[in-house]
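Below is one structure, written out as structure tokens; comments come after it.
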Amino acid sequence: MEQIKKKLPVGNNVELQELLAVAPSVTVAKNVEELVDLAVGGKGKDAHQVRFNLPDGRNYLEADVLRAKNGIVANYPEVYMRRRDPDCMVIADNLPTDKTRFKDRFGKEFDGLRKETFDWLKTQDLAMFFFDAGKPGMGYSAVAVVPANCGFFGLGLALLQGILDPDDLADDFVPEAVIYAAPPFRHTHFQGKQVVVHNRLPGQYELFSYNLYPGPSAKKGVYGMLIGKGEEEGWVTAHCSAVRVITPYDNVVTVMHEGASGGGKSEMLQHPHRQSDGSILLGKNILTNEKRTLEIPRTCDLQPVTDDMALCHPNLQKDAKKLWLEDAEDAWFVRVDHIKDYGTDPMLEKVTAQPEKPLLFLNINGVAGGHAMIWDHIEDKPGVACPNPRVVVPRDAFPGVYSEPVRVDIRSIGLRTPPCTKQNPDYGIVGMMHMLPPALAWLWRLVAPRGYANPSIINTKGISSEGVGSYWPFATGKKVKQANLLLEQIRATPDVKYVLTPNQHIGAWKTSFMPQWVSREFLARRGNAKFTEEQLSESRCSLLGYALNSMKVEGLQIPKWLLKVEHQEEVGKKAYDKGARILHDFFVTTLAQFQDNNLDPLGQRIIECCLDNGSVADYEKIYKG
């Protein structure tokens with residue numbers, strides 16, 4: 001790290017120029033290793049407390065940070081700060097948006113607080129670094145400016161988005177976007193709440209992070225920038241993971257898995273979890289405790305492509321019938337709440353225990369000089385583990401990671417489902433896997449259910465919508481415009497198959513993420529073979545598209561009642577239909593916001609079909625015209 005010794009490439013950004021000139025010190029980080037040292041207060045130090053003096057006399061502790069052998073461990077004393085607040089985003093500018101504007105939420109324009117923020121930053125020792133939000137030519141050239149004592153936050157941002165050495169920047173490099181962090185303002189102005197302000201100025205994108213949890217700003221804030229740029233230019237940054245699946249017969253199938261937080265994106269990159277005897281637990285009946293297992297000697301090889309954000313930029317499209325995408329990030333923000341014991345996921349455990357480069361651990365116990373282990377989660381209260389432990393891992397640390405653009409064969413969407421029984425009917429009626437016609441695939445991406453027991457964010461009772469694309473919480477513009485972009489994307493890629501997979505429960509059976517893992521194995525082994533009419537039948541709930549009449553993996557038959565939940569003795573048709581009504585009512589309520597004259601006419605007809613409780617055949621007919 002070094003103090004500023006030369007003029008930095010900040011373009012005509014007057015506020016940034018003044019800030020860097022006036023601040024007591026400005027440290028420019030050239031690489032991640034320098035930010036690792038900064039996170040703990042400097043080279044040779046092992047622990048640091050992120051504290052700020054507040055006007056009321058308090059000296060507030062925002063985070064405890066320490067240096068472990070495998071990276072930096074940061075923990076928040078305040079339970080609320082351990083996951084993303086879904087209501088943290090506000091828009092400060094007057095450009096088109098369906099999101100809450102700063103003025104509407106706080107009763108005043110942002111200009112005054114913006115000046116206060118700059119005035120406060122001018123009194124702080126600062127750290128800064130340059131990065132690309134997205135990829136060069138497919139995003140923004142950017143710079144981050146944070147208080148120097150918040151080095152762990154800068155580290156998280158640099159791991160996720162990359163970091164550029166200022167000595168190697170092109171002569172014409174000019175930041176088009178700036179991220180500013182001012183953590184004390186959540187106490188002085190926002191009643192302790194997480195707030196991230198997007199300010200889209202002509203030729204300059206400003207993002208103000210008034211909190212230190214990286215989720216809403218360092219990760220999803222940058223995501224919002226990319227979504228906004230795509231909305232202007234006509235492309236999508238999808239909320240998904242993607243993986244190249246290589247079968248034992250060397251066939252390659254690329255799966256893109258979308259969905260709300262908790263919908264199984266990170267899990268799609270994992271191998272099926274095995275029991276101690278090597279078998280795969282399909283599920284356990286919550287009423288009878290009966291277990292069903294599957295013996296698969298060898299599962300497919302996996303080449304991870306992207307974990308959460310995928311650029312579907314026009315520059316990448318090489319095929320008129322399938323979608324091409326590329327990872328939008330340099331690292332993955334991996335949730336490890338499911339890793340409760342050593343040996344659950346040996347690959348991930350090894351990658352995080354013995355990394356080649358330091359990682360960032362959040363909501364995980366650690367001791368200075370020791371090893372941070374991803375199954376050792378901090379507790380929100382005695383006996384209750386934090387549901388959102390995270391580790392930021394550079395994508396190239398994962399074995400077999402694939403770093404080129406890929407062509408998508410299958411787009412799946414995940415849904416967290418509750419148990420459904422005769423005694424307690426609910427929307428956990430989704431079978432192991434459903435095939436969706438394109439019209440229904442689009443509808444599912446509009447409603448994007450957040451689903452049952454979401455561990456990633458606060459306030460997730462019942463079924464609710466993550467919003468269009470499942471990326472709407474991070475978007476800054478118009479939801480109908482995003483709906484149109486997604487529909488056009490589906491129309492432009494007619495050879496892509498669409499599937500729906502549940503996680504957590506299938507009817508009365510607790511399944512964790514096994515449905516999507518088993519379905520991935522099944523689909524990969526089928527390759528690009530088409531399903532025949534005999535292999536599929538319309539689901540009893542038309543929103544679920546087609547159910548499989550049978551599923552066989554490596555010669556092993558999946559029970560019919562895991563494919564069609566109405567056949568479960570503990571559920572039956574009556575409870576199933578009650579769950580279907582819950583799901584349909586949710587769709588009707590959520591889709592009301594898209595009944596807009598600006599919506600594509602085809603989209604209007606598809607939504608009308610849903611409101612009329614149309615059949616799967618009706619959706620097929622409408623889409624095909």
Side-chain angles (χ1 to χ4, degrees), residues 95-99 224 226-240 256 258-260 310-317 319-325 408 411-413 435-449 465-500 542-545 584 586-625:
L95 294 179
T97 185
D98 288 328
K99 287 297 181 67
L226 295 177
I227 295 170
K229 192 170 186 66
E231 186 168 321
E232 293 176 12
E233 299 176 356
W235 50 276
V236 169
T237 300
H239 194 206
C240 71
M256 171 186 180
E258 299 163 86
L311 290 168
C312 304
H313 195 277
N315 291 353
L316 302 175
Q317 306 311 314
D319 189 314
K321 294 186 177 182
K322 289 190 177 180
L323 179 68
W324 287 73
L325 58 80
V408 174
R411 290 178 70 167
S412 62
I413 190 164
M435 302 298 299
L436 298 178
L440 274 170
W442 178 69
L443 280 188
W444 275 93
R445 283 156 180 78
L446 293 197
V447 301
S465 173
E466 191 94 313
V468 59
S470 82
Y471 52 69
W472 181 245
F474 332 124
T476 56
K478 304 291 286 185
K479 63 186 69 173
V480 170
K481 180 64 179 294
Q482 291 297 329
N484 287 339
L485 288 174
L486 288 171
L487 184 56
E488 178 54 35
Q489 187 183 66
I490 289 173
R491 276 193 295 206
T493 53
D495 284 357
V496 174
K497 296 186 181 77
Y498 299 91
V499 303
L500 167 70
S542 62
L543 292 174
L544 302 183
H584 185 262
F586 163 71
F587 268 69
V588 170
T589 300
T590 307
L591 292 173
Q593 63 193 297
F594 296 102
Q595 292 180 286
D596 185 292
N597 290 334
N598 293 314
L599 185 66
D600 186 298
L602 173 60
Q604 293 177 7
R605 292 194 295 274
I606 294 172
I607 289 177
E608 288 169 2
C609 183
C610 178
L611 300 182
D612 292 338
N613 211 7
S615 67
V616 181
D618 291 333
Y619 287 109
E620 294 272 30
K621 183 178 179 180
I622 289 171
Y623 187 81
K624 293 175 181 178

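Being a predicted model, the structure only gives us computed values, none of them experimental. Residue numbers start at 1 and run along the sequence shown.
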By side chain to side chain donor-acceptor pair (under 3.5 Å) - contacts of R411 (at least two apart)
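R411: side chain to side chain donor-acceptor pair (under 3.5 Å) contacts with E258, Q489.
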Does L311 form a side chain to side chain contact (heavy atoms under 4.5 Å, CB included) with L325? I'd like the steps, not just the answer.
CA-CA 5 Å; L311 290 168; L325 58 80; over 6 Å; no
Derivation of the salt bridge (charged side-chain N to carboxylate O under 4.0 Å, His left out) call for D98 and K479
CA-CA 7 Å; D98 288 328; K479 63 186 69 173; 5.1 Å; no
Go through the steps for I606 and L443 under the test side chain to side chain contact (heavy atoms under 4.5 Å, CB included), then give the verdict.
CA-CA 8 Å; I606 294 172; L443 280 188; 3.6 Å; yes
Could you list the donor-acceptor pairs under 3.5 angstrom formed between side-chain atoms of residues 610-617 and any protein atom two or more places apart in sequence or on another chain?
{"residue": "S615", "atom": "OG", "partner": "A617", "partner atom": "N", "Å": "3.4"}
{"residue": "S615", "atom": "OG", "partner": "D618", "partner atom": "N", "Å": "3.1"}
{"residue": "S615", "atom": "OG", "partner": "D618", "partner atom": "OD2", "Å": "3.1"}

Looking at every heavy atom in both [X] and [Y], which two are closest together, and how far apart are they?
{"X": "S470", "Y": "A260", "value": "CB-N, 3.6 Å"}
{"X": "L543", "Y": "L436", "value": "O-CD2, 4.0 Å"}
{"X": "R445", "Y": "S412", "value": "NH2-O, 3.8 Å"}
{"X": "G259", "Y": "H239", "value": "O-ND1, 3.4 Å"}

Among residues two or more places apart or on two chains, list those pairs meeting salt bridge (charged side-chain N to carboxylate O under 4.0 Å, His left out) that have a residue in residues 229-239.
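Non-adjacent pairs meeting salt bridge (charged side-chain N to carboxylate O under 4.0 Å, His left out): K229-E233.
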Listing request: all salt bridge (charged side-chain N to carboxylate O under 4.0 Å, His left out) pairs with a residue in residues 593-608, at least two apart in sequence or in separate chains.
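Pairs touching residues 593-608 that pass the test: R491-D600.
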Looking only at side-chain N and O atoms, does E466 offer a donor or acceptor that is under 3.5 Å from a partner on Y471?
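There is no such pair (donor and acceptor under 3.5 Å, judged by atom type) between the side chains of Y471 and E466.
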Using atom types as modelled and distance alone, determine if a side-chain donor or acceptor of [X] lies under 3.5 Å from a backbone N or O of [Y].
{"X": "N598", "Y": "N484", "value": "no"}
{"X": "T97", "Y": "T476", "value": "yes"}
{"X": "K99", "Y": "W472", "value": "yes"}

Less than 4.5 Å apart, any side-chain heavy atom of [X] and any of [Y]?
{"X": "L323", "Y": "Q317", "value": "yes"}
{"X": "V468", "Y": "Q482", "value": "yes"}
{"X": "I607", "Y": "L446", "value": "yes"}

Sequence neighbours excluded, which residues qualify as ring pair (Phe, Tyr, Trp, His ring centres under 6.0 Å) partners of W235?
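Scan of W235 (ring pair (Phe, Tyr, Trp, His ring centres under 6.0 Å), adjacent residues dropped) gives H313.
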With a sphere of 6.0 Å drawn around NZ of K621, does it hold more than 12 non-hydrogen atoms of other residues, nucleotides or ligands?
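At most 12 heavy atoms, drawn from other residues, nucleotides or ligands, come within 6.0 Å of this atom.
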Could you check V408 against W324 for side chain to side chain contact (heavy atoms under 4.5 Å, CB included), going step by step and ending with a plain yes or no?
CA-CA 6 Å; V408 174; W324 287 73; over 6 Å; no
Give me each pair satisfying ring-ring contact (aromatic ring centres under 6.0 Å, His included) with a member in residues 586-619, each pair once, sequence neighbours excluded.
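Non-adjacent pairs meeting ring-ring contact (aromatic ring centres under 6.0 Å, His included): W444-F587.
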Stepwise side chain to side chain contact (heavy atoms under 4.5 Å, CB included) test for I490 and Y498
CA-CA 10 Å; I490 289 173; Y498 299 91; 3.5 Å; yes
If you measure from [atom1] on [X] to [atom2] on [Y], what distance do you get to the nearest 0.5 Å?
{"X": "K322", "Y": "D495", "atom1": "NZ", "atom2": "CG", "result": "6.0 Å"}
{"X": "L485", "Y": "K478", "atom1": "CG", "atom2": "NZ", "result": "14.0 Å"}
{"X": "T589", "Y": "H584", "atom1": "OG1", "atom2": "NE2", "result": "10.0 Å"}

